[in-house]
There are 2 protein chains.
Amino acid sequence: MTLSDVAREAGVSLATASRAINGSADRSVRPELVERVTEAAARLQYTPDATAQAMARGRTTTLGLLVHDIADPYFSAIAAAVVRTAEAEGLQVSLATTQNDPAREAQLIDLMRRQRARAVVIAGGRSAGERSDALAESLAALGRQGVGIAAIGQPVPGVASVAVDNRGGAAALAASLLDLGYRRFAVLGGPTDRVTARDRREGFLDALGDRGSVASSVETAFTWEGGHRALLRLAQDGVLADVDAVVATNDVMALGALAAARELGLGVPQDVALAGFGGISTLRDVVPTLTTVTVPMDELGVRAVRLALGDQGDVVESVGCDVVIGGSTPDLRGA
Amino acid sequence: MTLSDVAREAGVSLATASRAINGSADRSVRPELVERVTEAAARLQYTPDATAQAMARGRTTTLGLLVHDIADPYFSAIAAAVVRTAEAEGLQVSLATTQNDPAREAQLIDLMRRQRARAVVIAGGRSAGERSDALAESLAALGRQGVGIAAIGQPVPGVASVAVDNRGGAAALAASLLDLGYRRFAVLGGPTDRVTARDRREGFLDALGDRGSVASSVETAFTWEGGHRALLRLAQDGVLADVDAVVATNDVMALGALAAARELGLGVPQDVALAGFGGISTLRDVVPTLTTVTVPMDELGVRAVRLALGDQGDVVESVGCDVVIGGSTPDLRGA
DNA sequence: TTGTAGGCGTTATCAG
DNA sequence: CTGATAACGCCTACAA
C-alpha cells in the first residue's frame with residue numbers, strides 16, 4: 001500500500017494525504033480530512049516507506065555505530081547507551097563490527113556513507129600507524145558530506161571525540177597501588193601500537209616515578225587470550241615471583257590472567273595481586289573482586305551520540321575514570 | 001555527487017554509468033567504458049546512494065534485529081553472530097532494543113516494516129499473554145509484505161523459529177543434580193508468564209519426579225536483581241537452610257543469587273549449592289564456576305539469519321543445550 | 001553495446 | 001486549505 005492508495009481511498013490528493021499523515025512543517029489540513037485520511041490509512045494498513053521518505057527529504061534517520069566486537073562487554077555497554085540515546089532522538093542504529101581490522105574499518109565508514117547515515121559513532125581504539133590514514137580519509141569524506149561523526153575512546157584528529165582519560169586513570173591506579181605498598185609490577189601492555197593500551201601503559205609507568213618499578217612489560221593481544229598467555233609466559237620466565245602485582249591494560253586481559261593464575265595453582269591475591277582497566281559490569285561477581293579503573297561506558301555512548309548530532313567543531317570532550325580497589329590487590333602495609 | 005555527475009564526467013549515459021558501476025544482471029559494458037566510468041567515479045569520490053538504490057530496486061539490504069537489551073551478554077552474543085552472518089550476506093544490521101516491553105516490541109516490528117527491512121530476527125522471550133496478539137499481528141503484517149522473519153529462543157506461531165530446548169535442558173540438569181545426590185531444591189523461577197522461564201521451571205520440576213522435591217519456587221524478575229532479591233527472600237524465609245541447591249532459571253539471576261549469598265556470609269557451595277541456565281561466556285572466570293545449561297548462542301544467531309533469509313515455511317528448528325557441572329554443585333555422594 | 005525514458009514512494013514548491 | 005507536479009538518485013525494460 002502506498003500513500004497514493006490511501007489518498008484515493010480517502011478521496012483526497014496525494015499531497016493532502018502526505019500532510020495529513022506526517023503533519024509536515026506547513027501543517028494545514030482540515031481536521032475532518034485528517035481523520036478521513038488516518039482512517040483510510042488504518043483500513044489499508046498503510047505504513048510509510050522510510051526509504052522513500054529519506055529520499056524525498058534528503059536525509060535518513062540512521063545512525064551508524066562501529067564497534068570492534070559487539071560481544072565484548074565494553075562495546076555492548078556502549079552500544080546499549082548509543083541505541084537508547086539514538087532511539088530517543090528518533091534514529092535507528094545501524095550496527096557494524098570492525099573485527100579489529102583497520103582496513104575493514106575504513107570500508108565500513110564508506111558503507112555508512114553509502115547508507116547516507118545521518119551520523120556515525122565510531123567506538124574502539126585504533127593503532128597509531130600509517131594505516132589510520134585510510135580511516136582519516138574516509139572520515140573526512142563522510143564529514144564533507146555533512147554527516148555528524150563522533151569517536152569514542154581514542155580521539156581522532158579532526159573528529160569530535162569523547163576521550164577516556166586513560167593516562168590519568170592509569171596514573172591514579174599507580175598512585176593507589178603505591179599507597180597500598182606495591183612496588184614492583186609486571187604490566188600486560190596490550191599491542192604496542194594500540195593508542196589506548198599505550199596511554200594506559202605509559203600513564204602507569206610515568207606515575208610510578210622512582211617510587212616503584214616495572215620488572216616486565218609484555219606485549220599481548222588486547223583480549224582474554226592475550227592476558228592468559230601473557231601471564232603464563234611471565235610465570236615461565238620466572239618474573240612472576242619477583243613481582244608484587246600484575247597490571248593488565250584492560251579487564252578482559254586481567255580475567256585471562258586470573259584464569260591463567262588459577263591454572264598454575266597460584267592464588268589471587270595470595271600469590272599474585274592483579275589489577276585491570278575498564279570496569280566492565282559483569283565483573284562484579286568475579287572472585288576476588290578485581291581492582292580496576294572504571295570507564296563510564298554509558299556516558300561515553302550518550303555523549304558520543306550528542307556530539308555526533310551536534311555542531312561538530314572538532315571538540316574533544318574527556319571523561320574521567322575512577323580507581324576501584326578490589327580484593328585482588330589487598331593492602332600490603334599491614335602485612 | 002550523483003551517478004549523473006559521474007556519467008557526465010565520463011562522457012557516457014546515465015544507464016551506462018549505472019551498469020558499469022554495479023554490473024547489473026545484463027552486464028554488457030565495454031571494458032574501456034567501464035574503466036572510464038570507474039575513474040570518473042573515483043575522481044569525484046562518488047558513492048552510490050543506498051537509499052535510492054533500495055527504492056529503485058524495491059528492496060533494501062537491511063536486516064532488523066530486535067533484542068531486549070544489547071548489554072545483556074546473552075543477547076550481545078547472539079547479536080555478534082547475527083551481525084557476522086548478515087554481513088557475510090551483504091546485509092546491514094539495524095539494531096533495536098525492546099527493553100522487555102511487549103508494546104514496544106510491536107512498535108519496533110512496525111518500525112522494521114517502515115524501513116522495509118529485508119528480514120527481521122527477533123530474539124528474546126515473550127510472555128504467554130493476550131499482549132502477544134499485538135506482536136503476532138504486527139509480525140503477520142510484516143510477513144505479508146514479504147519480509148523474512150525468524151524468532152530466536154521462544155518460537156512464535158506462524159514464524160520460522162529456532163527454539164531452545166529449555167525443557168530438555170532443564171530436565172537434563174535435574175537428572176544431573178539428582179545423580180550428584182541433590183534432593184531438595186529451591187527454584188528461582190523468573191516471571192511466571194515468561195515462556196522461557198516457565199519451560200525451564202516446569203522441565204526441571206517434571207524431571208524431578210518423585211526422586212526430588214522443590215521446597216520453594218520463587219517468582220522473580222529475569223535479571224541479576226531478580227536473582228539477588230529472590231535469594232535474600234529465601235534466606236529470610238528460612239527455606240534456604242532446608243534446601244540442597246538453588247536453581248536459577250537463567251545465569252544472570254544465578255549471579256545475583258551468588259552475590260546475595262556472599263553478602264549473607266554464605267559460602268557457595270559449602271552453605272548452598274547453585275545452578276544457572278544459559279552458559280554466558282563471561283562466566284568462565286567466576287568462582288566457583290557455575291553449574292549451568294549452555295545454550296549455543298552463536299548457533300542461534302547464525303541459524304536465525306539463515307531462516308529469516310530462507311523460504312519461510314514456519315519451520316521450528318530446535319537446538320539442544322548441554323549441562324555443564326561446575327564447582328557450584330559438588331558431588332554430594334562422597335560426603 | 002549503449003542510450004532513452006518511465007517509474008519507485010514521498011516530499012515540497014507553487015499555484016489555485 | 002488543497003491539489004497538481006516537479007524533484008530525489010537510481011534501475012531497467014525497451015528501443016536504437
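Labels below follow one simple rule: chain letters A, B, ... track the order of the sequence lines, proteins then strands, and each chain is numbered from 1.
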Integer-rounded Å distance: C:dT11 P and A:L3 CG: 6 Å

Atom CZ of B:R306 with >12 non-hydrogen neighbours under 6.0 angstrom: no

Test log, rule side chain to side chain contact (heavy atoms under 4.5 Å, CB included), inputs A:T62 and A:M112: CA-CA 9 Å; A:T62 300; A:M112 294 307 171; 5.9 Å; no

Residue B:A56, side-chain heavy atoms: nucleotide from C:dT10, C:dC8, D:dT2 that is nearest: C:dC8

From CA spacing to verdict: side chain to side chain contact (heavy atoms under 4.5 Å, CB included), A:F222, A:N100: CA-CA 10 Å; A:F222 221 39; A:N100 268 303; over 6 Å; no

Length of the CG-C1' vector between A:D49 and C:dG9, whole Å: 6 Å

D:dT2 phosphate, OP1 or OP2, under 4.0 Å from A:R30 side-chain N/O: yes

Any A:N22 side-chain nitrogen or oxygen under 4.0 Å from OP1 or OP2 of C:dT10: no

Whole-Å distance separating the CD1 atom of A:I21 from the P atom of C:dT10: 8 Å

Distance in angstrom units between A:R36 CZ and D:dC1 P, rounded: 16 Å

Value in whole Å for how far the C1' atom of C:dG9 lies from CZ of A:R8: 13 Å

Between the first and last five pairs of the helix from C:dT1-D:dA16 to C:dG16-D:dC1, the angle of the axes, rounded to 10 degrees: 40°

Step-by-step side-chain hydrogen bond (donor to acceptor under 3.5 Å, both in side chains) determination, B:T51 to A:Q115: CA-CA 6 Å; B:T51 305; A:Q115 303 201 151; over 6 Å; no

Backbone of A:A71 reached by a side-chain donor or acceptor of A:S76 within 3.5 Å: no

B:L142 side chain near B:I149 side chain, heavy-atom distance below 4.5 Å: yes

Candidate pair A:T47 and B:R113, rule side-chain hydrogen bond (donor to acceptor under 3.5 Å, both in side chains), full reasoning: CA-CA 7 Å; A:T47 312; B:R113 188 147 82 101; 2.8 Å; yes

Closest contact, heavy atoms only, B:R118 versus B:T60: NH1-O, 3.4 Å

For atom CE of A:M55 and atom P of C:dC8, their distance in whole Å: 12 Å

Look for any protein N or O under 3.5 Å of an N or O in nucleotides 3-6 of chain D and output each such pair with its distance, or none.
from	atom 1	to	atom 2	distance (Å)
D:dG3	OP2	A:S13	N	3.2
D:dG3	OP2	A:S13	OG	3.2
D:dG3	OP2	A:T16	OG1	2.4
D:dG3	N7	A:R19	NH2	2.5
D:dG3	O6	A:R19	NH1	3.2
D:dG3	O6	A:R19	NH2	3.3

5'-most by nearest nucleotide on DNA chain C - B:P31 or A:S4: B:P31

Rounded distance in Å - CZ (B:R57) to P (C:dG9): 16 Å

Expected output: side-chain B:D5 to main-chain B:T2 donor-acceptor under 3.5 Å: yes

Distance, rounded to the nearest Å, where B:R59 contributes CZ and D:dT12 contributes C1': 13 Å

B:Q53 side-chain N/O to D:dC11 phosphate OP1/OP2 under 4.0 Å: yes

